Chemist: 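There's a structure below that I have some questions on.
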Amino acid sequence: MNSFTAREIDAQPAIWREWAAPLASQAGQIRDWIASRDPREVWLSGAGTSAYIGEVLARQLGGNLRALPTTDLVSVPKLAFDVPGGILSIQFGRSGDSSESIGLIDLLDAHRPDIDRLQITCNADSALARRQGPGPGQTRSLILPGATHDRGFAMTSSFTTLYLSALACLDAQFDAKDVLPRLADAAQAVLPDLWQHPAPLPDRAIFLGSGALTGIARESALKVLELTAGRTITQWDSTLGFRHGPKAAVDDRTAVFVMIHPDPRVARYDHDLASEIRRQFPGISVTTIGPGCDIPLSLTETPADPVLYVLPAQILAHRWSEALGLPVDDPFAGRNLTRVVSGVRLYEWQA
């Protein structure tokens, strides 16, 4: 496993430990700034994996958080741009230079310069790191450690650390200096076993979860789809939503992964669905993920825990990519998809 991707997956615990104290300090300053600006709405934006960060955060923290992918805002600005003032736009980006990242900045400059911006990126040289709005809205940037600027195709350490960094900026009860080292210990305890966990290559892989874990299921499905170059078809859904049509995708060549929610009241639904699929498809692999599960996790019992649930998919995606004989760091070999989306034609929007 000499790929950048494998090293970046395994580096996550060390990254979180080293980032804990600097993040706690910078996030405290950002929280004070947000409180002083007192936004009525907070937009959480990104594209692809970066958009899923916002989805998980909005479900985890609730309140005035609104997940709005940059891919939606750039193509249909009317979805949000008509909302009156008191807005904070938080944008996530590994590269910070994708077409839609720059497109949203341009739209805000031209049409909503009153909106405050927090731009969180792994690339210190990017547009997200460097560009300031014209005002009167204020701009702040949070630059993650260089190690999170993944060189592999798929976002791994960037996804988890972007999520944790935003969490520290938005949740005053979240103490990054305390939680991130404990989270690193929990990840370090499970990572070696995940590389060895039995995982035959399926034709289809389905990831399911409730609440914030629905967003983690979506990211998990994308990791497998990306690194297997689409040869393993994937699906994701909420636990209860899965029965309402999407369950039709399960067949005898499917592997199903059910994330068991840490709240035991919610977990009842997750366990019921896993048992149901096992009864109906006794020959397929149905794997539960969480405390005391087939893939056991030790949780911190904080809003940081969702990142632990994505680790199995990161490693499964890598292992299945290798099993297919693909170059894990560039599974598309330059065709179809590229590491950073660029060159998208963006059209001028008339308010």
Side-chain angles (χ1 to χ4, degrees), residues 34 37-121 126-128 131-142 155 159 162-163 166-167 169-170 211-219 221-222 236-238 241 244 246 306 337 340-351:
I34 294 174
R37 303 300 289 173
D38 192 24
R40 186 168 59 84
E41 267 192 13
V42 178
W43 299 349
L44 304 169
S45 303
T49 287
S50 295
Y52 307 159
I53 295 166
E55 182 177 335
V56 178
L57 281 166
R59 286 171 174 258
Q60 186 74 286
L61 298 180
N64 64 348
L65 302 183
R66 188 177 177 191
L68 287 168
T70 53
T71 45
D72 289 347
L73 283 174
V74 167
S75 61
V76 193
K78 195 172 178 64
L79 285 171
F81 272 41
D82 289 344
V83 174
I87 305 297
L88 170 62
S89 169
I90 301 180
Q91 189 177 171
F92 308 102
R94 174 175 67 174
S95 75
D97 281 326
S98 72
S99 294
E100 291 87 359
S101 291
I102 296 170
L104 179 54
I105 293 173
D106 290 342
L107 280 168
L108 290 172
D109 283 356
H111 299 284
R112 291 300 305 269
D114 60 298
I115 289 177
D116 293 326
R117 310 174 197 183
L118 173 58
Q119 300 173 164
I120 308 179
T121 181
S126 67
L128 280 187
R131 282 193 50 179
Q132 296 284 313
Q138 298 181 7
T139 303
R140 296 289 186 275
S141 297
L142 179 62
M155 289 177 64
F159 171 77
L162 282 164
Y163 171 83
L167 180 61
C169 293
L170 292 169
L213 297 183
T214 304
I216 296 295
R218 188 175 190 181
E219 166 62 7
L222 180 61
W236 62 274
D237 213 316
S238 67
H244 292 262
L337 292 180
V340 179
V341 174
S342 60
V344 177
R345 183 178 180 182
L346 301 180
Y347 298 91
E348 185 178 353
W349 181 59
Q350 299 297 329

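Quantities reported herein were computed from a predicted structural model and do not represent experimental measurements.
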Chemist: Mind checking what makes side chain to side chain donor-acceptor pair (under 3.5 Å) contact with D82, not counting sequence neighbours?
Modeler: K78

Chemist: Under the side-chain contact (heavy atoms from CB on, under 4.5 Å) test, which residues partner S101, sequence neighbours left out?
Modeler: Q91, S98, L128

Chemist: May I ask you to decide if A47's main-chain N or O and T71's side chain share a donor-acceptor pair within less than 3.5 Å?
Modeler: no

Chemist: Check the orientation of W349 and H111. Use parallel for under 30°, tilted for 30 to 60°, and perpendicular for over 60°.
Modeler: perpendicular

Chemist: Taking only residues at least two apart or on different chains, which pairs with a member in residues 42-52 satisfy salt bridge (Lys or Arg N to Asp or Glu O under 4.0 Å)?
Modeler: none

Chemist: Identify, with sequence neighbours excluded, every residue that meets side chain to side chain donor-acceptor pair (under 3.5 Å) alongside N64.
Modeler: none

Chemist: Test: ring pair (Phe, Tyr, Trp, His ring centres under 6.0 Å). Region: residues 45-64. Which pairs qualify, not counting sequence neighbours?
Modeler: none

Chemist: Please collect all salt bridge (Lys or Arg N to Asp or Glu O under 4.0 Å) contacts where either partner lies in residues 41-56, sequence neighbours excluded, each pair once.
Modeler: E41-R66, E55-R218

Chemist: With sequence neighbours left out, what residues match D114 under side-chain contact (heavy atoms from CB on, under 4.5 Å)?
Modeler: R112, P136

Chemist: Using the test side-chain contact (heavy atoms from CB on, under 4.5 Å), find all partners of S238 that sit at least two apart in sequence or belong to another chain.
Modeler: T214

Chemist: Using side chain to side chain donor-acceptor pair (under 3.5 Å) as the criterion, list what pairs up with T49, not counting sequence neighbours.
Modeler: E219, K223

Chemist: Using the test side-chain contact (heavy atoms from CB on, under 4.5 Å), find all partners of D116 that sit at least two apart in sequence or belong to another chain.
Modeler: W33, R37, L88, Q138

Chemist: Not counting sequence neighbours, which residues clear salt bridge (charged side-chain N to carboxylate O under 4.0 Å, His left out) with D106? List them please.
Modeler: R131

Chemist: Walk me through whether V83 and R40 qualify under side-chain contact (heavy atoms from CB on, under 4.5 Å).
Modeler: CA-CA 10 Å; V83 174; R40 186 168 59 84; 3.3 Å; yes

Chemist: side-chain contact (heavy atoms from CB on, under 4.5 Å) between F92 and T70: does it pass, once the steps are laid out?
Modeler: CA-CA 9 Å; F92 308 102; T70 53; over 6 Å; no

